[in-house]
Amino acid sequence: LRGVPVAEVEGWLKAEVPEISRAVDELLSQGRIKRYGDVLVHAEAHEAFRQALKKRLDEFHRKNPLRHGMPKEELRGALRMEPKIFAGMISSLDEVSVEKDLLRLKSFKAAISEEDKSRVLKLLEQRGFQPPEKKEIAGELKTDEKRVSDILGFLAKEGSAVRVNDSLYLSRASYDRLIELLKQHFASKPEMTVAEFRDLLSTTRKYALPYLEYLDSNNITLRVGDVRKLILK
């Protein structure tokens with residue numbers, strides 16, 4: 001769906017701009033066209049877009065019941081729409097909810113059973129700073145990795161877990177403990193090496209390095225050469 005820039009309409013008709021404006025206003029008042037910034041869209045095209053978008057989202061929700069929404073760019077690409085028109089039309093739809101880079105039908109709500117939630121959190125908490133990977137969790141739960149990814153994403157969204165990277169998640173309790181240990185270290189020393197951080201958590205570099213990258217990227221620590229300094233107050 002491309003839409004028609006107002007400037008193009010003026011060029012086609014070769015009419016005075018006031019006449020174009022009056023005609024556009026009349027069509028808008030009649031509901032025969034929609035306007036998004038300087039782009040005009042026929043009402044029938046707008047309705048076709050609304051139906052196509054709802055269908056795509058409904059299919060996505062049915063296939064991904066634990067995910068909070070469909071990535072906005074993925075949906076725009078599927079519908080082959082220009083970013084400007086897509087953004088304008090999305091904002092006009094009452095049945096669609098926009099949450100950062102995700103879109104969902106307002107009638108949809110991601111759901112997770114308390115049993116699944118408890119089992120995954122228990123596995124994360126039992127291993128502390130060396131949490132199991134998705135494959136291991138899937139084996140424990142006797143399910144597939146995609147479902148585990150969805151459950152972990154759900155827990156991160158609600159705050160029960162913290163996403164360090166795509167394959168590494170910490171329980172909220174373990175994350176809070178990590179931050180407390182950091183503060184204790186920096187209370188007595190102005191900087192920290194990777195080895196000191198590794199020993200602080202009683203873990204290995206395999207886990208320590210991703211944690212440090214996460215802390216750096218979230219402005220909790222600052223890397224200066226081979227050491228870290230604490231930014232978080």
Side-chain angles (χ1 to χ4, degrees), residues 1-5 28 31-121 123-124 131-169 171-172:
L1 179 61
R2 177 175 170 269
V4 180
L28 287 169
R32 296 171 64 185
I33 63 172
K34 305 286 183 179
R35 182 170 188 165
Y36 303 101
D38 61 351
V39 175
L40 302 176
V41 177
H42 195 283
E44 291 181 4
H46 180 275
E47 178 59 20
F49 161 77
R50 189 178 73 85
Q51 294 296 338
L53 181 138
K54 287 179 63 179
K55 181 180 179 181
R56 291 272 184 174
L57 285 179
D58 183 60
E59 291 174 351
F60 182 86
H61 292 327
R62 283 190 283 106
K63 292 178 181 178
N64 304 275
L66 299 183
R67 295 179 65 177
H68 286 269
M70 185 175 185
K72 194 184 300 182
E73 280 302 298
E74 180 181 334
L75 182 53
R76 186 185 70 78
L79 296 176
R80 298 180 180 179
M81 292 184 64
E82 296 180 6
K84 186 175 182 180
I85 302 177
F86 182 73
M89 295 180 74
I90 285 294
S91 65
S92 72
L93 301 180
D94 293 335
E95 58 265 70
V96 175
S97 178
V98 182
E99 298 177 0
K100 295 183 179 179
D101 63 337
L102 297 179
L103 295 175
R104 67 172 176 83
L105 294 174
K106 288 184 178 178
S107 58
F108 171 80
K109 184 176 182 181
I112 181 173
S113 71
E114 286 301 316
E115 181 181 4
D116 282 345
K117 175 181 173 179
S118 297
R119 291 175 70 190
V120 172
L121 279 176
L123 288 172
L124 294 180
E133 296 181 351
K134 293 178 183 178
K135 184 176 181 179
E136 186 176 346
I137 296 175
E140 288 281 347
L141 300 185
K142 294 181 173 55
T143 187
D144 57 87
E145 289 186 46
K146 180 183 181 302
R147 180 168 175 78
V148 171
S149 293
D150 289 345
I151 293 173
L152 288 169
F154 185 96
L155 295 176
K157 181 77 173 180
E158 73 168 18
S160 300
V162 174
R163 180 186 182 279
V164 178
N165 58 38
D166 187 55
S167 60
L168 187 60
Y169 287 75
S171 70
R172 172 59 61 177

Next item on the list: For Ser92 and Met89, indicate whether the former's side chain and the latter's backbone hold a donor-acceptor pair under 3.5 Å.
Entry: yes
Check: Under the 3.5 angstrom rule, does the side chain of Lys134 hit a backbone N or O of Asp166 as a donor-acceptor pair?
Finding: yes
Next item on the list: Quick one: list whatever passes side-chain hydrogen bond (donor to acceptor under 3.5 Å, both in side chains) with Glu47, sequence neighbours left out.
Entry: Arg50, Gln51
I need the minimum non-hydrogen distance between [X] and [Y], along with the two atoms involved.
X: Ala156; Y: Tyr169; result: CB-CE2, 4.0 Å
X: Ile85; Y: Met81; result: CG2-CE, 3.9 Å
X: Leu57; Y: Leu103; result: CD2-O, 3.7 Å
X: Leu124; Y: Ala161; result: CD1-CB, 4.2 Å

Note to self: Strictly below 4.0 Å, N to O, side chains only: are Asp94 and Lys106 in salt-bridge contact?
What the structure shows: no
Do the side chains of [Y] and [X] get nearer than 4.5 Å, heavy atoms only?
X: Ile151; Y: Leu155; answer: yes
X: Val98; Y: Lys72; answer: yes
X: Val148; Y: Thr143; answer: yes
X: Asp101; Y: Glu74; answer: no
X: Arg119; Y: Ile137; answer: no
X: Arg67; Y: Phe60; answer: yes

Next item on the list: Step by step, work out the side chain to side chain contact (heavy atoms under 4.5 Å, CB included) result for Leu105 and Lys54.
Entry: CA-CA 7 Å; Leu105 294 174; Lys54 287 179 63 179; 4.2 Å; yes
Note to self: I'd like to check the salt bridge (charged side-chain N to carboxylate O under 4.0 Å, His left out) partners of Glu140; sequence neighbours left out, ordered by chain and number.
What the structure shows: none
Note to self: One pair to check against salt bridge (charged side-chain N to carboxylate O under 4.0 Å, His left out): Arg76 and Glu73. What are the steps and the verdict?
What the structure shows: CA-CA 5 Å; Arg76 186 185 70 78; Glu73 280 302 298; 2.9 Å; yes
Margin query: I'd like to know whether CD of Glu133 has more than 12 heavy-atom contacts from other residues, nucleotides or ligands below 6.0 angstrom.
Written below: no
Check: Can you tell me if NZ on Lys135 sees more than 12 non-hydrogen neighbours from other groups inside 6.0 Å?
Finding: no
Notebook entry, point to check: What orientation do Phe86 and Phe49 show, parallel under 30°, tilted 30 to 60°, or perpendicular over 60°?
Noted result: perpendicular
